[in-house]
Every structure is written in C-alpha cells, then in structure tokens.
Undergrad: 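Here it is, the structure in full.
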Amino acid sequence: MARPTRTEVVVPELPEVETVRAGIERHVVGRTVATAEVLNPRAVRRDPAGPDGFAAAMTGRTFLRAERRGKYLWFALDDSEALLAHLGMSGQLLVGEPDRPLSPHVRARFTFTDGGPDLRFTDQRTFGHLMLTEIADGERRLVPEPIAHIAADPLEAAFDAKDFAARLVHKKTQVKRALLDQSLISGVGNIYADEALWRAKLHWARPTETLKPAEVSRLLDAVRDVLTEALKAGGTSFDALYVNVNGESGYFDRSLHAYGREGEPCDRCATPIRRDAFMNRSSYSCPRCQRRPRAWQPPVVG
DNA sequence: CTTCAAACCTGTGGGC
DNA sequence: TGCCCACAGGTTTGAA
C-alpha cells in the first residue's frame, strides 16, 4: 500500500498554485515592499542580479496584481516587470505576523511599508525559486519572460483546445509525457496526469499519434474536470509541507482514484491499481480500465 | 527540429 | 540503535 499519507510529500500543481495565488492576492496587492531579504541564495538562482541585486531591486516595489499560468505565479510590479515564483516541489508563500519565529526553511522574506504581515517564501527542497523579470509576449497573453515558452493552462481563456489536440497527436511520444510537457499544456504534474488518464481510461504509455479525436476530447475533459475539482477542494495536499496561504492543509486527497493507490481496488472495477516506474518516478493506473497499448507500428507511407 | 534523461535538492522510511 | 540508500518530482540543460 503506497497510498500517500499525511507525512508524504506532494508537489503543488495548478490547483494548489491557484489556491496560493488567490490566498496571497488579498494579502499583498496594493502593498509596497519595505525590505527584501534572501536567506538562501539558491532561491533566486535564476535571477541574473543575484541575491543582493534581487533584494535591492525589490525594495520599494508595489505588488499590483497576483497572476498565474500553469504552475507559475507572479506579482505584477508595473507594466513591464513582475516578481515570478515557482513553488517547485515544496515551496510555500506564507503571510503572517512579522515577528513570528523564522522557520529554518524560509528562503526569502519581504516586509511592507505599512508594517503589516510579512511575506515569506519557504521551500524545504529548494526546487522552487523567485526572480524579478521583464514581462513579455507569451501564448496569447502577457507573461513573465522566462515562461513565455510555456503553453496556456486548460483553465485559462487563452487555452486553445483545437490547437492542443493538433499538437498532441503530432507528437512522437507517450500520452503521459505529453501531459507533463509544459510547452504543450501547462499546470499538470504527476498526480493529476495519473488522475486524468484514469478518468479518461487511457494508459500512460499510449502513443500520442494513435489517439483518436474522441479520445483526445475525453482526455482534455478529464484534465479539466480533475483540475477543477481539485481547485474546488482547495488543492491536494497531504502534509505540512504544502499548506495554503493561511497555513491550512487541503483535503482533496480522499478523492484520488489512481495516484498513490498501488494495490487498492479501482473505484470503477475493483481491479488492484498498479504502479509502474516511469520517467524516474511512478505511474499509477488500473490494468483493466486502462489497457496497455499493443506494440505500435509506424504507418507505411506509399 | 525533436525527444529524452541526467542533474538539481532534502526529509523520510524501509532494510539490515 | 543507527546507518545507508531508495524514493518523492518540476524544470533546465545538454546530448542524441
């Protein structure tokens, strides 16, 4: 039984990041940074200005909006610049009383000129990062320059379902790899990829080029449903490593059908869920509902 | 151009 | 008890 427990780590995907964005928004928008402090330089490793340059450039800036695409969120600082954040595997953005104890995993801290609650970027595994960056043209939307290459996520207006379908079936890869490819569709990680595939009754190894239009449509519907339901539940989170802006854990984990359920009965057919090694991680699927594709032969041309 | 996999990182838990 | 190692995984980078 590998079902995630409250002590396991679960990475923030689109629903969790959106929960953070919405929670942070009302606490920081309209406020001006009094001090910016980088406690671990790795937190700003992608910012060419370095820790000191980053801190100096953030001082005096005002948070205007909180936006998100896929798993990235950012705070617009003016028309041309933004503070971009990725939570990585264990990142949190926490708002609280400025004089509360500094936990050992706080990587960056911002105080505000109004003397109110501060903002802390906490990240145990340090895969997340912050950077101050230019705004640029992304996929049908203005976004921070470093993420101009990622695709729209399926919950935003800029997402083009026809374009996604065309690009998906044109790929020469397995369907789960495609779902995790942020330049094709953003916001989906390992958990929701498995959940969407279970819901759409598709095996993770299915070659994308063999997907029929109805299957692509079913898959996209499944992705949207899974993300939307998780968002309603406040994001999946199993332990203290991931909490929302107010420090509350989510509770969507009870509705997972595939992820982390090795050996447990499928909720549709009771066949034990299996776990496969995949891309140096795990894929969970129902061996009966999600049939492994037969060996596929390329079409003969001519 | 595309696809793929190593590397980055640290806390946890199982095995011995 | 304590040590070691596998595992968790999003993204970048470089190789093929």
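Atoms considered below: every heavy atom in the structure, side chains included; atoms not considered: hydrogens, waters and symmetry mates. We name chains A, B, ... by the order of the sequence lines, and we start the count at 1 in each one.
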Undergrad: Using 30° and 60° as the class boundaries, would you call the ring planes of H86(A) and Y72(A) parallel, tilted or perpendicular?
TA: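 H86(A) vs Y72(A) ring planes: perpendicular.
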Undergrad: Name the residue closer to the 5' end of DNA chain B, choosing between R107(A) and R177(A) according to the nucleotide with the nearest heavy atom.
TA: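 In this pair, the answer is R177(A).
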Undergrad: Would you say K171(A) reaches dT3(B)'s phosphate, i.e. side-chain N/O to OP1/OP2 under 4.0 Å?
TA: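 Yes, because at least one side-chain N or O of K171(A) sits under 4.0 Å from OP1 or OP2 of dT3(B).
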Undergrad: What's the closest nucleotide to the H105(A) side chain, out of dA5(B), dG9(C), dG11(B)?
TA: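 So the side chain of H105(A) is nearest to dG11(B).
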Undergrad: Check the distance between dT2(B)'s P and H170(A)'s NE2 and give it to me in whole angstrom.
TA: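 The distance from NE2 of H170(A) to P of dT2(B) comes to 8 Å, rounded to the nearest Å.
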Undergrad: Is there a side-chain polar atom (N or O) of Y192(A) under 4.0 Å from OP1 or OP2 of dG9(C)?
TA: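 So the side chain of Y192(A) is outside the cut-off, no N or O lying under 4.0 Å from OP1 or OP2 of dG9(C).
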Undergrad: Give the rounded distance in Å between these two atoms: CZ of R281(A) and P of dT11(C).
TA: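 R281(A) atom CZ is separated from dT11(C) atom P by 10 Å.
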Undergrad: What is the separation between atom NE2 on H86(A) and atom C1' on dC9(B), rounded to the nearest whole Å?
TA: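 To the nearest whole Å, that distance equals 15 Å.
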Undergrad: Would you call F127(A) stacked on dG9(C), i.e. ring centres under 5.5 Å apart with the planes less than 30° off parallel?
TA: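 Yes, F127(A) stacks on the base of dG9(C), since the ring centres sit under 5.5 Å apart and the planes are within 30°.
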Undergrad: Which nucleotide sits closest to the side chain of R275(A): dT11(C), dA8(C), dC9(B)?
TA: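 Nearest to the side-chain atoms of R275(A), counting from C-beta on, is dA8(C).
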Undergrad: Can we say E18(A) and R69(A) salt-bridge, meaning some charged N sits less than 4.0 Å from an Asp/Glu carboxylate O?
TA: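 No, this pair does not count.
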Undergrad: Distance under 6.0 Å and angle within 45° of the ring axis: does R268(A) meet both against W198(A)?
TA: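 Positive - R268(A) is close enough to the ring of W198(A) and near enough to its axis.
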Undergrad: What does H129(A) touch in the nucleic acid at a heavy-atom separation under 4.0 angstrom: a base, only the sugar-phosphate, or nothing?
TA: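 It contacts nothing in the nucleic acid.
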Undergrad: Looking only at side-chain N and O atoms, does T126(A) come under 4.0 Å of OP1 or OP2 in dC8(B)?
TA: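 So the side chain of T126(A) is outside the cut-off, no N or O lying under 4.0 Å from OP1 or OP2 of dC8(B).
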Undergrad: Of all the nucleotides listed (dG10(C), dT11(C), dC4(B)), which has the minimum atom distance to the side chain of Q182(A)?
TA: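 The nucleotide sitting nearest to the side chain is dT11(C).
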Undergrad: Do you know which of L132(A), V38(A), D52(A) makes side chain to side chain contact (heavy atoms under 4.5 Å, CB included) with V44(A)?
TA: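 So the option named by the test is V38(A).
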Undergrad: Which nucleotide sits closest to the side chain of Q124(A): dG10(C), dT10(B), dT12(C)?
TA: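 Output: dT10(B).
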Undergrad: Could you tell me the separation between the CD atom of E13(A) and the C1' atom of dA8(C), rounded to a whole number of Å?
TA: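 Interatomic distance, CD of E13(A) to C1' of dA8(C): 13 Å.
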Undergrad: Between atom CZ in R45(A) and atom P in dC9(B), what is the gap in whole Å?
TA: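 Atom CZ in R45(A) sits about 8 Å away from atom P in dC9(B).
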Undergrad: Heavy atoms from C-beta onward define the side chain here; which of dG9(C), dT3(B), dT12(C) lies closest to that of R46(A)?
TA: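 That would be dT12(C).
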Undergrad: Compare every heavy atom of R120(A) with every heavy atom of E97(A), then report the nearest pair and how far apart it is.
TA: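 Between these two residues, the closest heavy atoms are O-NH2, 4.0 Å.
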Undergrad: Remember a base hit wins even if backbone is also touched, and classify Y72(A) as base, sugar-phosphate or nothing at under 4.0 Å, heavy atoms.
TA: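 Touches sugar-phosphate only.
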Undergrad: D123(A) has an atom CG; how far is it from atom P of dG10(C), in whole Å?
TA: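 Between P of dG10(C) and CG of D123(A): 13 Å.
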Undergrad: What's the closest nucleotide to the K71(A) side chain, out of dG10(C), dC9(B), dT12(C)?
TA: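 Selected nucleotide (nearest to the side chain): dG10(C).
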Undergrad: Please give, in whole Å, the distance from dG10(C) C1' to N280(A) CG?
TA: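 Rounded to whole Å, this separation is 13 Å.
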Undergrad: Mind calculating the distance between CE (M131(A)) and P (dG10(C)) to the nearest angstrom?
TA: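 After rounding, the reported distance stands at 21 Å.
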Undergrad: Looking at every non-hydrogen atom in both residues, tell me the closest pair between D225(A) and R199(A) and how far apart they are.
TA: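 Closest approach of D225(A) to R199(A), heavy atoms only: CB-NH1, 3.6 Å.
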Undergrad: Reckon T173(A) has a side-chain N or O less than 4.0 Å from the OP1 or OP2 of dC4(B)?
TA: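 Yes, within the criterion.
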Undergrad: Counting side-chain heavy atoms from CB outward, which of dG9(C), dC9(B), dT3(B) is closest to R42(A)?
TA: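 So the side chain of R42(A) is nearest to dC9(B).
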Undergrad: To the side chain of K172(A), which of dG11(B), dT3(B), dC4(B) is closest?
TA: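 Among dG11(B), dT3(B), dC4(B), the one nearest the side chain of K172(A) is dT3(B).
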